[in-house]
Amino acid sequence: DYTGSGYYYLRHYSLNSNTWFNNRDGVAKDEDVQYQPGVRLGGPIVIPGLWNGRNKAFFFVNYEESRTPGQRTEDRTVLHPLAEQGTFRYNTSSGVREVNLLQLAANNGFLSTPDPTIAGVLRDIRSAVSGGPLRDVGEPLVQEFDYQFDTKNVTRYPTVRLDFNLTDRHRLSGSMNYTDLLSTPDTTNSREPNFPGFPGFGNQHSDRYTVQANLRSTITGNLVNEFKVGGSGGATLFSPEIGIDQFLGTSIADQGGFFLDINGDELGITNPHSTPNYSAREATTRIVQDTLSWLRGSHNVQAGFAFTQADTWVENRRHVPTINFGIDSADPAEAMFTTANFPGASGAALDQARELYATLTGRVSEITGELRLD
């Protein structure tokens, strides 16, 4: 009377070769694994000594889960060690030139010492990438860093269906599908730590479901009624782990309670944290409908009603303000950034020099925050 089966799917990194890009960059093969077990069972509903549902009530259940512990490789861009110390290196038609920005600023009476918070973050980044692989690129201002980090994704899929023959004329059915997902970290939205050991990370939490039930009644030989109810929904939380404690008082990459945008518009380096924001959302649907069908000769007449309600909520939050660095056109320090001080520099190179000097010395161009009144 009962039918059931089990199954197990496996994917393992030992069965794959390394990628061409990993081989090129000297990065080991990602150790990706996927375990996917499942089981299903169905048959009549029988409660010994209480109720015998043979030929009256039936169930079907299926459970499956996917577990994928593994690794992922990411590229990061960091300042060249000389740039961290204030030496601006840029390409010219005659080769790479260097200008010490801090010395230039001192000579012109401007701030010439690194900001302590920025300097601390840059030291932590340099320490995090010191194990490599680290390589120079065509842009002499920066270096490229590759690193692997562990990932873990667990998704569970339970499914249930029930059928009841209430009488010869009435049949009640219902089903439920549910998905429970946890991605650690949320690589879909780049919420992994930007550097090894850094505090900035977040997971994706998601629960999704659909439920439905219907009652089909044969009232007469030519009159049938079908009543249905159903719904769907499930919230998705994008990195609820992110909070002010990842930006203030951390042992590594302490940003002083701000999101420091050292990436800027010109430098193109990787920030110590991926985002200061958190978001969550859910969309739900509720349905109730009834349809009465009357078959009369060659004609089919239907009547009934349908009700649908759709709701959604969204939560967005900025945990800390963002600080951008730069030199305003009205800033007296702007006078330093000319080809007289940077021989052979292009306009783009001068923009990079401005931004590097502003970032190293903590010269704030903009603070972006958020205050919610309601």
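Residue numbers start at 1 and run along the sequence shown.
- Atoms CG and CZ, from Asp146 and Arg76 in turn, are 10.0 Å apart once rounded to the nearest 0.5 Å.
- Every side-chain hydrogen bond (donor to acceptor under 3.5 Å, both in side chains) that Asn23 has, sequence neighbours left out, goes to Asn18.
- Atoms CG and OH, from Leu41 and Tyr63 in turn, are 15.5 Å apart once rounded to the nearest 0.5 Å.
- Note: Glu315 CD to Glu282 CD = 12.0 Å, rounded to the nearest 0.5 Å.
- Between Glu192 and Arg72 no salt bridge is recorded (no basic side-chain N to carboxylate O distance below 4.0 Å).
- Using cut-offs of 30° and 60° on the angle between ring planes, the pair Tyr2 and Phe59 is tilted.
- Electrostatic pairing of Arg191 and Asp186 does not count as a salt bridge here, judged by no charged N lying under 4.0 Å from a carboxylate O.
- Salt bridge Arg363/Glu334: absent, no basic N to carboxylate O contact under 4.0 Å.
- The cluster map of Ile, Leu, Val, Met, Phe, Trp and Tyr, joined by side-chain heavy atoms under 4.5 Å apart, puts Val78 and Val137 in the same cluster.
- With salt bridges taken as basic N to acidic carboxylate O contacts below 4.0 Å, none links Arg286 and Asp311.
- Judged purely by atom type and a 3.5 angstrom limit, Thr92 uses its side chain to pair as donor or acceptor with the backbone of Gly95.
- Qualifying side-chain hydrogen bond (donor to acceptor under 3.5 Å, both in side chains) partners for His319, counting only residues two or more places apart in sequence or in other chains: none.
- Ring-plane geometry between Tyr7 and Tyr9 is classed as tilted, the angle between the planes lying from 30 to 60 degrees on a 0 to 90 degree scale.
- Side-chain N or O atoms of Glu241 include one that pairs as donor or acceptor with a backbone N or O of Asn203 at under 3.5 Å.
- With Gln71 contributing its side chain and Asp150 its backbone, the two residues share no donor-acceptor pair below 3.5 Å.
- A chain of hydrophobic side-chain contacts below 4.5 Å, direct or via other Ile, Leu, Val, Met, Phe, Trp or Tyr residues, connects Ile327 to Ile262.
- Note on Phe258: it does not cluster hydrophobically with Phe247, by side-chain heavy-atom contacts below 4.5 Å among ILVMFWY residues.
- For Arg216, the CZ atom sits in a loose shell: 12 or fewer heavy atoms of surrounding residues, nucleotides or ligands are nearer than 6.0 Å.
- Residues satisfying the side-chain contact (heavy atoms from CB on, under 4.5 Å) criterion with Val96, sequence neighbours excluded, are Arg89, Asn91, Pro140.
- A tilted orientation is assigned to the rings of Trp51 and Phe164, their planes being inclined by 30° to 60°.
- Annotation for Arg296: atom CZ does not count as buried by contact number, only 12 or fewer foreign heavy atoms lying within 6.0 Å.
- Tested against Asn271, the residues Asn263, Asn194, Asp261 include a single side chain to side chain donor-acceptor pair (under 3.5 Å) partner, Asp261.
- Using the six-membered ring where Trp is involved, Phe149 and Tyr147 have ring planes that are tilted, between 30° and 60° apart.
- Put simply, CG on Leu79 and OG1 on Thr87 are 11.5 Å apart, with the number rounded to the nearest 0.5 Å.
- Counting only heavy atoms from C-beta outward, the side chains of Arg161 and Phe58 never approach each other to under 4.5 Å.
- Under the 4.5 Å side-chain heavy-atom criterion for Ile, Leu, Val, Met, Phe, Trp and Tyr, Val160 and Leu215 are members of the same hydrophobic cluster.
- A donor-acceptor contact closer than 3.5 angstrom links the side chains of Thr159 and Asn177.
- Both Leu166 and Ile45 belong to a common hydrophobic cluster when Ile, Leu, Val, Met, Phe, Trp and Tyr are linked at side-chain heavy-atom distances under 4.5 angstrom.
- Defined by atom type and a distance below 3.5 Å, a donor-acceptor pair is present between the side-chain atoms of Asn225 and Asp290.
- To the nearest 0.5 angstrom, Leu182 atom CG is 13.5 Å from Arg67 atom CZ.
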side-chain contact (heavy atoms from CB on, under 4.5 Å) evaluation trace for Gln143 with Val129: CA-CA 10 Å; Gln143 293 178 313; Val129 305; over 6 Å; no

